[in-house]
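Protein chains get the first letters and strands the later ones, always in sequence-line order, with residue 1 at the start of each.
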There are 2 protein chains.
Amino acid sequence: MSSDSQVYGARIGRVQQEMEQRDVDFLFVTPSSDLIYLLGYGAHASERLTLLGIPRDGEPFIVAPQLESMRLNERSDLLDIHVWTETESPIELVGRIVEGGQGATIAVNDQTWSGFLLGLQGEIDADKWQSATGILRELRMVKDEHEIALLRHASESTDAAWQEFVETTTFAGRTEIEVGKDLNRLMTERGLQTSFLISASGPNSASPHYITGERVIQEGEPVLFDFGGRWQHYTSDVTRMVHVGEPSDEYHKVYDIVLQANRAVLAGVQPGMPCEDVDKLARDVITEAGYGEYFIHRVGHGLGLDTHEEPYMVGGNETPLQVGVTFSDEPGIYLDGKFGVRIEDLLVVTDDGAESLNHAPRDIVIVK
Amino acid sequence: MSSDSQVYGARIGRVQQEMEQRDVDFLFVTPSSDLIYLLGYGAHASERLTLLGIPRDGEPFIVAPQLESMRLNERSDLLDIHVWTETESPIELVGRIVEGGQGATIAVNDQTWSGFLLGLQGEIDADKWQSATGILRELRMVKDEHEIALLRHASESTDAAWQEFVETTTFAGRTEIEVGKDLNRLMTERGLQTSFLISASGPNSASPHYITGERVIQEGEPVLFDFGGRWQHYTSDVTRMVHVGEPSDEYHKVYDIVLQANRAVLAGVQPGMPCEDVDKLARDVITEAGYGEYFIHRVGHGLGLDTHEEPYMVGGNETPLQVGVTFSDEPGIYLDGKFGVRIEDLLVVTDDGAESLNHAPRDIVIVK
């Protein structure tokens, strides 16, 4: 058995332990970060069903289209491989493998397409269908040393790209898309595959999930960059800002509050703390400064194979933080029609607090 | 009402007609090509629910997270917009909007994440949940003039990138990834956003959905490129090959058979023909030449906003071709351990046959 197969075999074994505790008979996983985590298999979600099935006991199986089946050869020591040809029904094939599934409890990973779930619900006579998140969260949210090393490398390379970007790029008179291309190129040069990139200028920075557009950056405006890149499947996620020319007093004030909130999270996180209290660390700073109503999102999210994953740092989430959890620390203040400010770092929970994987400077950067 | 809103309003009206005919009470659509088609809204699928709900009669609604809601302002003339904040449940919000949904038939678009469908099934007391594909296929598979113009531009730009690629790139001694980056750059320079790119050398070309890797291209080998790029959301999809140095007699023979099969589709397609007969046009050529067992996939798929979409050119699909359907014509022969050959063009069904949107040469190209 290869060392890769040992890693994935151990993960599947832990899934089966969770299934035993939760009385789940089958776990179904289709192409997604969950499939990469459990099998190292990076198939794309498509209309052709690929499905990993893990029974509570015994050997897992995978159903895969014939034209992709040769890519599974290196996992054949872990799996019973069932190939379907173009004129066969993969849904019926799954039904036969689970022998009809009468009375079973079946968990399905969240990103499986509904078209497949509806088909499976019609084919398999299960007693209960449920989300697999409870099972998979327990494994995925705590990162091992190898995963943290990949996240660290992704974050350090992203910081380096940012540093070169602010030192070499001119902003005024160019579009958000144009300057975004510069940043993308600097990510690519460091071997990162850009997973997302928001370039939001002036009033657009007040829209937290703005779609980068053709707006021309003006003198006297901030530009917000929220971006990340993958390194061996693991992604970075950082937000930094530049200001073209001298900022206003209001910008200085808002920026300082957001930075204090960002630093309060890093200083205050402790293992065992409920996720909702992490949100509160930042929210209290912003609320006490009088901007609470303008901090319109949670302070952060888990991050690893997915840019957003469990656990979420949001009011109502009582999940306790464990050592090895990686999450974004990204408070923001958004003044509609004027500007927004967000500062974001990736943190990892340690034995006695948290460490930031991002080190790009957080001071106000004035550019041309 | 803006002209964009008129286009999307008309599409939603046609959906409501289909719903009436099929006795469907609500259609739910989450971020995907379906949402772009119906609303021009390119949100990313994420753990935060965005859901367009279309009732059989009356005004549609959309449920969206507060931090993205400002992006919906330009569609406010078409929609009742319901915003949820970070600590609210969007699933419960949908339940309230449909007033519990007792006894309803609800169609859900295929790419909606199962995590959301399972939540909705727990919240809403519907009588029946079904795939929305039957409804949406009728609209999406026939392209209007504007859509065909975008697909034509994407295909022509992709052909031009290919032409420059074969004229300027050296292959022998470089990796699949390296030469793939050259092709990607030529796509980007033409304003296309590469949606996928397979670069498969030597024996890897026999794996139809090969994942491009670090293999070094050798003298005497073919390299298969299957790639596409987006232009205003609409994608191209073409497959061409190069051969480093002189090909073997076997390669010549297989290549000629695949090319004949590819040309047989273009020559034989007629409006009204069942999709499975399109597959047969190519399969008969390859089978008669003695390679039937090595043509291990359908001959093609619909294409537009998605690289793969309805209708599929596959045995068993009796859907008749309509004028304006765009689909890939991509027969292949795959000799495990040796090489594979595939030649692919995008075709559009016309009043009296089909037109190819790709014009890059299909002769064997010998490169260094």
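- Options Val314(B), Thr188(B), Leu117(B) differ in how many heavy-atom pairs under 4.5 Å they form with chain A, and the most are formed by Leu117(B).
- For Glu176(B) (side chain) and Ser201(B) (main-chain N/O), a donor-acceptor pair under 3.5 Å exists by modelled atom type.
- For Thr175(B) (side chain) and Glu214(B) (main-chain N/O), no donor-acceptor pair under 3.5 Å exists by modelled atom type.
- When each of His301(A), Met70(A), Lys181(A) is scored by its heavy-atom pairs under 4.5 Å with chain B, the top score falls to Met70(A).
- Proximity to chain B is limited to the backbone of Ala206(A), based on heavy atoms less than 4.5 angstrom apart.
- Taking CZ of Phe28(B) as the reference point, atom CG of Asp34(B) lies at 14.5 Å (rounded to 0.5 Å).
- Heavy atoms of other residues, nucleotides or ligands lying less than 6.0 angstrom from CD of Glu189(B) number more than 12.
- Without hydrogens or angle criteria, Arg283(B) side chain to Asp277(B) main chain gives no donor-acceptor distance under 3.5 Å.
- A salt bridge links Glu47(A) to Arg298(B): one of the charged nitrogens lies within less than 4.0 Å of a carboxylate oxygen.
- Contacts between residues 84-94 of chain A and chain B, defined by a heavy-atom separation under 4.5 Å, are made by Glu86(A), Thr87(A).
- Put simply, of Ile211(A), Leu67(A), Thr112(A), the one with the most heavy-atom pairs under 4.5 Å next to chain B is Leu67(A).
- Judged purely by atom type and a 3.5 angstrom limit, Thr235(A) has no side-chain atom pairing as donor or acceptor with the backbone of Gly228(A).
- Looking at Gln121(B), the atoms closer than 4.5 Å to chain A (heavy atoms on both sides) all sit in the side chain, from C-beta outward.
- Residue contact with chain A, scored on non-hydrogen atoms closer than 4.5 Å, is absent for Tyr334(B).
- The backbone N or O of Thr133(A) lies less than 3.5 Å from a partner atom in the side chain of Ser131(A), making a donor-acceptor pair.
- Looking at every heavy atom in both residues, Leu39(B) comes nearest to Arg75(B) through O-NE, 2.7 Å.
- Ranked by heavy-atom pairs shorter than 4.5 Å toward chain B, the options Phe116(A), Tyr210(A), Tyr312(A), Trp129(A) are led by Tyr312(A).
- When the shell of 6.0 Å around CG of Asp336(A) is examined, it contains 12 or fewer heavy atoms from other residues, nucleotides or ligands.
- Neither the backbone nor the side chain of Ala43(B) has a heavy atom closer than 4.5 Å to any heavy atom of chain A.
- In terms of non-hydrogen atom pairs under 4.5 Å with chain B, the most contact-rich of Arg71(A), Gln66(A), Glu68(A) is Arg71(A).
- With a threshold of 4.5 angstrom between heavy atoms, Asn109(B) approaches chain A through N, CA, C or O but not through any side-chain atom.
- In this structure, Glu276(B) contributes its side chain and Gly316(B) its backbone to a donor-acceptor pair below 3.5 Å.
- Looking at Phe196(A), neither its backbone nor its side chain comes within 4.5 Å of chain B, counting heavy atoms on both sides.
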